[in-house]
Amino acid sequence: MTMQERLIVALDESLDESRAIIEELGDHVQFYKIGWRCFLQGNGAFVSDVVAAGKGKRVFLDLKIHDIDVTVEKAMASLPRDVSLTTLYGTGATVRAAREGRNGHGTPALLLLTWLSSLDEADFHGMGGQGSLRDFVVARAIEAYEAGGEGVIASGEHVGAIRSELAKTYGKDADGFLLVVPGVRLAGGDVHEHKRSLTPYEAVRAGADYLVMGRPVARSPRGKRVEVVERIFADMARADRERHRDTAGSSAAW
Ligand code: C5P
């Protein structure tokens, strides 16, 4: 995949501002993440608006669906069909229920949330978590993989561990399992509430397939956003070149 295909810009601004961002970024950005704000403000139709913005625009609908299995299944069956990626929060059973809800369709690809990037190891233990956060995140990735999910959302610091544990257990079969990394910041950028933030270079170097970046792009002044996106691509490309030099690289197919 090209760097352009691997950057997902999160639209967490108002509907009007999000439309202005898409317009300004034009052909530079292909993949957008829609969260609760734009989804609700647009009564669900914003997904089609983004796709209609043209030139193969793709949508990651991030609603972190978390409910009893039958409700997850029905929700999944009701998702707009032009969504490429979506998120779930729960167990392997949640992933299996979502697969049922897809009803034979290959999309959207199902990503299980491992642990919010605004929470850290102390929060994990504070909420009763046992052992290390790393082991917990890896175990959730394995659970998602075994249940037939297509990937996970994980912060960059865990990407390497997830990749190597999956490869150890499942070999090349797990190569296409998607690792989607939020909380990414250009060097020196405001990390906001993310307790575990990486640069685009570090995230790609660690083995991320997709990077999710919202405010570093969206909150840049109008007229400057393309420049920011180009800096992100350059940082990603440098890491990708190094990875290809060291390994065979990513084989993500979604
Ligand atoms: O603006 P920023 O780059 O921090 O946006 C990150 C996006 O990724 C937000 O839309 C947030 O909801 C999402 N996200 C996250 N951490 C997760 C899962 C999703 O930050 N673990």
Side-chain angles (χ1 to χ4, degrees), residues 6-15 17-18 21-22 25 29 31-42 46-47 50 58-66 83-90 94-95 108-121 123-124 127 129 133-134 136-138 140-141 144 149-159 161-162 178-204 206 208-221 224-225 228-229 231-233 235-236:
R6 294 170 65 180
L7 176 68
I8 303 175
V9 172
L11 297 170
D12 293 316
E13 310 303 313
S14 70
L15 212 46
E17 187 61 11
S18 295
I21 291 167
I22 295 170
L25 292 174
V29 170
F31 216 152
Y32 287 100
K33 183 170 89 69
I34 297 175
W36 280 109
R37 187 176 184 184
C38 285
F39 189 71
L40 293 176
Q41 284 186 356
F46 189 55
V47 171
V50 174
R58 302 180 73 202
V59 170
F60 167 9
L61 185 60
D62 182 20
L63 302 181
K64 301 181 181 68
I65 296 172
H66 181 209
V83 170
S84 296
L85 302 176
T86 198
T87 39
L88 305 166
Y89 188 56
T94 316
V95 175
L110 304 171
L111 306 173
L112 190 70
L113 185 71
T114 56
W115 189 248
L116 282 175
S117 53
S118 55
L119 303 175
D120 62 12
E121 186 114 16
D123 296 309
F124 172 67
M127 289 166 76
L133 180 57
R134 175 210 177 272
F136 174 80
V137 165
V138 168
R140 292 184 62 77
E150 282 82 22
V152 287
I153 305 281
S155 74
E157 67 172 356
H158 295 127
V159 163
I162 295 171
L178 300 178
L179 304 185
V180 180
V181 177
V184 180
R185 296 293 183 264
L186 282 164
D190 183 346
V191 299
H192 299 103
E193 65 284 90
H194 297 290
K195 293 187 178 161
R196 293 160 296 132
S197 176
L198 262 71
T199 65
Y201 170 86
E202 290 166 334
V204 170
D209 294 302
Y210 291 102
L211 274 50
V212 176
M213 294 181 73
R215 285 163 292 185
V217 178
R219 301 266 172 99
S220 290
K224 290 275 178 211
R225 291 172 180 140
V228 172
V229 159
R231 277 174 52 211
I232 296 168
F233 290 148
D235 212 40
M236 293 168 72

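When reading the values below, keep in mind they use all heavy atoms of this one structure, side chains included, and skip hydrogens, waters and symmetry mates. Start at 1 and go down the list; that is how both ligands and their atoms are numbered.
Atoms of ligand 1 lying under 4.0 Å from any heavy atom of I153, numbered from 1 in the order shown and given with element: 18 (C), 21 (N). Contact atoms of ligand 1 toward W115: 21 (N) (distance under 4.0 Å to a heavy atom of the residue). Of all atoms in ligand 1, numbered sequentially from 1 with element shown, those under 4.0 Å from a heavy atom of L116 are 17 (C), 21 (N).
By the criterion of a heavy-atom distance under 4.0 Å, the side chain of D12, and not its backbone, is placed next to ligand 1. Contact annotation: for T87 versus ligand 1, there are no heavy atoms closer than 4.0 Å. Residue-level proximity to ligand 1 for S117 is carried by backbone and side chain together, each with a heavy atom below 4.0 angstrom.
From the protein, the heavy atom lying nearest to atom 14 (N) of ligand 1 is P182 CB, 3.8 Å. Looking from atom 13 (C) of ligand 1 to the surrounding protein, the closest heavy atom is K33 NZ, 3.7 Å.
In the candidate list R185, H194, M213, H194 is nearest to atom 6 (C) of ligand 1, counting heavy atoms. Distances from atom 1 (O) of ligand 1 to the heavy atoms of R215, K64, R219 put R215 nearest.
At most 12 non-hydrogen atoms from other residues, nucleotides or ligands lie less than 6.0 angstrom from OH of Y89.
Considering backbone and side-chain atoms together, G214 places an N or O closer than 3.5 Å to an N or O of ligand 1.
The existence of a salt bridge linking E17 and R225 is confirmed by a sub-4.0 Å separation between a basic side-chain nitrogen and an acidic carboxylate oxygen. No salt bridge links D12 with R37; every basic N to acidic carboxylate O contact stays at or beyond 4.0 Å. By the 4.0 Å N-to-carboxylate-O rule, E121 lies too far from K195 to be salt-bridged with it.
Using a 4.0 angstrom heavy-atom cutoff, P216 counts as in contact with ligand 1.
Residue V184 forms a side-chain contact (heavy atoms from CB on, under 4.5 Å) with just one option from S197, P200, S155, and that option is P200. Each of L112, V180, I153 was scored for a side-chain contact (heavy atoms from CB on, under 4.5 Å) with T87, with one residue passing: I153.
Between atom CG of residue L179 and atom CG of residue L211 there is a gap of 11.0 Å, rounded to the nearest 0.5 Å.
Under a 3.5 Å cut-off, the side chain of R231 and the backbone N or O of L186 do not form any donor-acceptor pair.
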